Amino acid sequence: MLTGCLYNDNQMLKKFFSRYTPLQVAVHVYAWSALILILFDLLTGNFSPNPIQELEQRTGRHAITLLVLSLACTPLNSLFGWRELIKRRRALGLYAFMYASIHVVIFIDIDYGLAWSLIAKTIFEKPYIIVGVISFLLLIPLAFTSFNVWKKRLKKNWKRIHQMVYLIAPLVVLHFAWSKKGDLFRLEGDIIRPLIYGLIVVLLLIFRIHPVRRALASLRDRIRILLSRRRIQPEI
């Protein structure tokens, strides 16, 4: 009986991983992890005295992280030749939009109770919220046109639309940094996370410049050739 159960479990695992790759599973598990942890903390009473603010901050941070990970897919593929990363880029981007949407809903509904006049007043009083609103509005067309059907319909325009992510990513980091109690220029206050996000985004945008991407691909090919030569070198 035990042998039969183990055999069935192995067969199920084989079927599962023949359909879903480990990276694909990891992307979905990580994407949903923030919501799972939020629910767990709500149920166990581990939230801060200001739960609404914590909800906004945690969903916002996860949205930024997922957006940065989606940006990292192309440079990492250029460097390591890991083609599957390109396939997971869309899922990461859509998850980033999902968390950004949750972040916005918490702000306008739970925090401000759909009081639109108060929301408008707050937006214009706090510049970082204006930046956040612009970032979210720019994300909407990217999310809705991310599917293959729109890629076929829009053709060359599809790429132009999705190149807006190069503008959105710095804006999102600016929104996050501006919302924290700190000064990036004086290196004072709560600046560590915004600074890390900012440096990563700058680095990823540099990697997307065509000559840099070509240099990365050339470096990858040279490393592969060097490793293959070492493998076939006869032992003395």
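Computed from a predicted structure; not experimentally measured.
In terms of heavy atoms, I130 sits closest to I123 at CG1-O, 3.2 Å. Listed here is the closest heavy atom pair of A96 and L67: CB-N, 3.6 Å. Heavy atoms only, all atoms of each residue included: L204 and A72 are closest at CD2-CA, 3.7 Å. Closest of all the heavy-atom pairs between H162 and S146 is CE1-CA, 3.8 Å. Between A143 and F147 the shortest heavy-atom distance is O-CE1, 3.9 Å. The shortest non-hydrogen separation linking R61 to Y197 is O-OH, 3.6 Å.
A distance of 6.5 Å separates NZ in K151 from CG in N148, rounded to the nearest 0.5 Å. With rounding to the nearest 0.5 Å, the separation of CD1 in I108 from CG in L118 is 12.5 Å. Distance check: I168 CD1 to L139 CG gives 4.5 Å after rounding to the nearest 0.5 Å. Note that the CG atom of L92 and the OG atom of S70 stand 6.0 Å from one another [nearest 0.5 Å]. Separating the NZ atom in K121 from the CD atom in E125 is a distance of 5.0 Å, to the nearest 0.5 Å. Of the inter-residue distances, the one linking Q24 atom CD with K87 atom NZ reads 9.0 Å to the nearest 0.5 angstrom.
Contact of the L23 side chain with the L85 side chain is registered, since non-hydrogen atoms from C-beta on lie closer than 4.5 Å. Contact annotation: the side chain of T74 never approaches that of F207 to less than 4.5 Å [non-hydrogen atoms, C-beta and beyond]. In this structure the side chain of L35 reaches within 4.5 angstrom of the side chain of Y99, judged on heavy atoms. No side-chain heavy atom of F47 sits under 4.5 Å from any side-chain heavy atom of Q53. For the pair T59 and I38, the minimum side-chain heavy-atom distance is below 4.5 Å. Contact check for T21 versus R88: side-chain heavy atoms found under the 4.5 Å cut-off.
R58 meets the salt bridge (Lys or Arg N to Asp or Glu O under 4.0 Å) test with D41, E54; sequence neighbours excluded. Under the side-chain contact (heavy atoms from CB on, under 4.5 Å) criterion, L154 pairs with T145, W150, N157, W158, I161, sequence neighbours left out. Partners of S179 by side chain to side chain donor-acceptor pair (under 3.5 Å), not counting sequence neighbours: none found.
When hydrophobic clusters are built by joining Ile, Leu, Val, Met, Phe, Trp and Tyr residues whose side-chain heavy atoms come closer than 4.5 Å, directly or via intermediates, I140 is grouped together with I129. Grouping the Ile, Leu, Val, Met, Phe, Trp and Tyr side chains by contacts below 4.5 angstrom, directly or via other members, places I86 apart from L71. A continuous path of Ile, Leu, Val, Met, Phe, Trp and Tyr side chains, each step under 4.5 Å between heavy atoms, connects L137 with I134, placing both in one hydrophobic cluster. Under the 4.5 Å side-chain heavy-atom criterion for grouping Ile, Leu, Val, Met, Phe, Trp and Tyr, V133 is connected to L114 within one hydrophobic cluster.
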- Item | Stepwise side-chain contact (heavy atoms from CB on, under 4.5 Å) test for I206 and V202 | CA-CA 6 Å; I206 290 171; V202 168; 3.9 Å; yes
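Y95 and H28 share a donor-acceptor pair across their side chains, judged by distance under 3.5 Å alone.
Aromatic ring orientation, F97 versus F144: perpendicular (interplanar angle above 60°, classes split at 30° and 60°).
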